[in-house]
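Attaching a single structure in structure tokens format; questions to follow.
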Amino acid sequence: MVQSGRIASINSSEIKILQANYSITGPGAVSAPSSSKSLASPAALTIRDLHKHYKGASEAILRGVSLSVSKGASVALLGANGSGKSTLLRCCLRLVEPNNGEIELLGQQVHTMRRKELRRLRRRTGFVFQKHNLVDRLSALSNVIHGAMSTGSNPRLWTQTLAHRNHREQAMECLNEVGLSSYAAQRADRLSGGQSQRVAIARTLMQRPEIVFADEPAASLDPVAGEEIMALFARLIRAHGMTLIFASHDLTHAQRYADYIVALRNGQVVMDGRSSDIDADQLARLYER
Amino acid sequence: MEKEGTPKKVTVPARVPSAGIAGFLAYLTAGSLIIWSLTGSELSMPQLLRGFPEMGRLVGEMFPPATDRMASIGFTLFETFQMAIAGTFFGVILSLPLAVLSARNLSPHWSIYFLTRGVITFCRTVPDLIWAIIFVITVGLGPFAGVLALTVDTVGFCARFFAEAMEEADGGPPEALAALGASRTDIVISAVFPATLPSMIATSLFAFEKSTRSSVVLGLVGAGGIGVELMTALDLYDYQNVSSILLCIFVMVIFVERFSAFLRRRVL
């Protein structure tokens with residue numbers, strides 16, 4: 001498949017944005033989105049010319065980002081602090097409202113959706129946050145059961161005490177998958193950082209999403225716990241056949257756990273390609289000031 | 001990042017940061033307001049000194065406290081306690097939805113936000129004694145009027161603090177549930193309520209203490225409780241019974257405050 005688009009390449013001294021043709025073949029490709037809709041593998045996510053400028057900020061955080069991610073791909077978003085990674089992920093689900101641009105997620109136009117439609121679409125997607133975002137005072141099991149809210153609003157999902165037997169059993173299976181079944185009754189605020197992130201992943205598994213966004217899932221953990229979480233995360237995503245887009249600062253994680261890498265700098269895509277084709281020196285240059 | 005070799009100029013900050021013209025005007029306004037209030041309050045030291053012997057005489061008449069009406073005082077004291085619990089209970093229940101609607105981050109629309117904020121402020125602005133008079137006129141004499149007055153008073157107090165707790169709660173868990181497509185109700189009940197529960201319990205216990213003290217006064221206008229006994233004793237210049245009633249109220253309020261403080265320590 002050959003596509004035309006705005007891509008980035010790296011020379012020895014600096015990152016340059018180039019206008020060029022490039023080709024990526026096979027399933028799970030990341031590419032600049034084509035104007036034509038005839039993609040070899042159906043796109044899970046297509047973003048065109050996305051802009052975001054936070055109120056009061058001197059500069060835009062996203063400046064015309066375009067990319068396309070095929071179903072089943074695992075993509076790492078890299079870039080320095082403030083490059084727009086988290087904003088880009090949040091814009092995909094309109095947790096942050098973009099100012100301009102188009103987002104097509106799982107075949108639906110996110111940017112034009114009404115609230116109710118957006119909620120329905122979000123139910124098909126998972127989001128893992130850097131700070132876990134568990135409900136502290138509830139048990140690990142209750143937090144995982146919350147993942148089933150993707151099946152619709154139900155008062156029996158508010159806490160494990162009210163939950164239906166099926167939901168409790170499914171949640172226990174998810175906790176078991178992340179190796180925390182013995183911590184089901186433990187309050188979330190009494191878990192370690194690594195355990196909390198495992199519970200957050202179990203919540204996402206409970207949701208059974210088609211695509212998972214993860215905003216630096218290992219950033220708040222020590223290197224060993226971070227490595228364990230990323231390995232577990234990547235394994236589960238593959239096992240369940242989901243598409244994964246994760247933001248990270250860790251170049252090793254990006255190369256080890258992503259099929260493709262998209263690099264952002266100053267709100268623009270400056271580099272993308274197969275993770276095996278991009279070397280660590282090229283990536284390290286993203287963080288040069 | 002500074003380059004090596006660049007001379008670094010260090011400035012020591014002032015011990016007291018300059019307040020600027022706006023700060024100076026704020027201090028000046030606050031000072032003027034206090035002086036203006038003191039002059040308008042007709043403070044008089046001679047008048048206070050002249051009143052001391054009268055106060056001594058009144059205290060003398062109060063002792064020893066009477067014990068002949070202890071059964072009746074005990075009964076109305078329990079009634080007061082029941083009124084405080086019932087009023088706080090209904091007030092807290094009504095405060096929850098009002099707080100959600102009046103929390104800036106949860107309110108579905110700005111018009112609802114302003115409307116509910118207005119209702120809460122109104123509940124708080126009107127004194128509990130006036131609410132008691134209104135409900136005595138509406139539903140008649142007795143503890144029911146007192147419970148209604150305490151309910152409205154508790155709404156004015158709790159709904160405001162509940163709403164503020166909800167506004168200050170960590171936005172992470174609600175964002176996580178929003179990201180997976182949860183409804184607004186699911187988010188509020190599953191993520192916001194658990195996060196704000198300690199604060200809401202503490203506020204409710206403060207409201208209960210406040211209701212206990214208020215319920216004493218409500219009886220003065222016929223809204224039930226020990227205030228009725230107190231009013232009767234005062235009308236009859238029966239100061240020994242007045243002192244008994246005040247001591248009983250003191251014991252009840254101390255008990256409620258200590259118990260509430262114990263529970264708050266356990267919860268927080």
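All chains are named by letter (A, B, ...) in the order of the sequence lines, taking the proteins before the strands, and each is independently numbered beginning at 1. Bear in mind the structure is a predicted one, so any value in this text is a computation, not a measurement.
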Worksheet item: Checking heavy atoms, do the side chain of A:Arg90, its backbone, both or neither come under 4.5 Å from chain B?
Response: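 Contact with chain B: side chain only.
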
Discussion item. Under a 4.5 Å cutoff for heavy-atom pairs, which residue among B:Gly171, B:Gly172, B:Pro173 has the most contacts with chain A?
Written reply: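 Result: the option with the highest number of such pairs is B:Pro173.
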
Worksheet item: Taking all non-hydrogen atoms of both residues, which atom of B:Thr196 and which atom of B:Val192 are closest, and how far apart?
Response: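 For B:Thr196 versus B:Val192, the nearest heavy atoms are OG1-O, 2.8 Å.
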
Worksheet item: So which part of A:Arg94 gets closer than 4.5 Å to some heavy atom of chain B, the side chain, the backbone, both or neither?
Response: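 Contact with chain B involves no heavy atom of A:Arg94 at all.
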
Worksheet item: Hey, which residues of residues 116-135 of chain A are touching chain B, say heavy atoms under 4.5 Å apart?
Response: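 Answer by number: A:Arg119, A:Arg122, A:Arg123, A:Thr125, A:Phe127, A:Phe129, A:Asn133, A:Leu134, A:Val135.
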
Worksheet item: Looking at residues at least two apart in the chain, or sitting in another chain, which of them share a salt bridge (charged side-chain N to carboxylate O under 4.0 Å, His left out) with B:Asp153?
Response: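 If we apply the salt bridge (charged side-chain N to carboxylate O under 4.0 Å, His left out) test to B:Asp153, skipping adjacent residues, the hits are B:Lys210.
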
Practice prompt. Taking the side chain as every heavy atom from C-beta outward, state whether A:Phe213 and A:Leu105 have any pair of such atoms under 4.5 Å apart.
Written response: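 In short, these two side chains touch, coming nearer than 4.5 Å.
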
Discussion item. Using every non-hydrogen atom in the two residues, find where B:Ala223 and B:Ala132 come nearest and quote the distance to one decimal.
Written reply: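 B:Ala223 and B:Ala132 have their closest heavy atoms at CB-CB, 4.1 Å.
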
Practice prompt. Pick out which of B:Leu77, B:Val216, B:Thr80 makes a side-chain contact (heavy atoms from CB on, under 4.5 Å) with B:Cys248.
Written response: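 Single side-chain contact (heavy atoms from CB on, under 4.5 Å) partner of B:Cys248 among B:Leu77, B:Val216, B:Thr80: B:Leu77.
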
Practice prompt. Considering only heavy atoms, give the residues of residues 142-152 of chain A separated from chain B by less than 4.5 Å, sorted numerically, with 'none' for an empty result.
Written response: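 Contacts with chain B: A:His146, A:Gly147, A:Met149, A:Ser150.
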
Worksheet item: Out of A:Leu95, A:Asp136, A:Leu157, A:Asp189, which one racks up the most heavy-atom pairs below 4.5 Å with chain B?
Response: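 Of A:Leu95, A:Asp136, A:Leu157, A:Asp189, A:Leu95 has the most heavy-atom pairs under 4.5 Å with chain B.
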
Worksheet item: Does B:Phe144 CZ have over 12 foreign heavy atoms under 6.0 Å away?
Response: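 Incorrect, the count does not exceed 12.
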
Item to complete: Give, as side chain, backbone, both or neither, the part of B:Leu180 having an atom under 4.5 angstrom from any heavy atom of chain A.
Response: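 It is both, since atoms from each part get that close.
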
Discussion item. Quick check for you: among B:Ala195, B:Ser183, B:Ala191, B:Pro174, which has the greatest number of heavy-atom pairs under 4.5 Å with chain A?
Written reply: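 It is B:Ser183.
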
Practice prompt. Output all residues satisfying side-chain hydrogen bond (donor to acceptor under 3.5 Å, both in side chains) with B:Glu209, sequence neighbours left out; order by chain, then residue number.
Written response: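 With neighbours one apart ignored, the set is B:Ser260, B:Arg264.
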
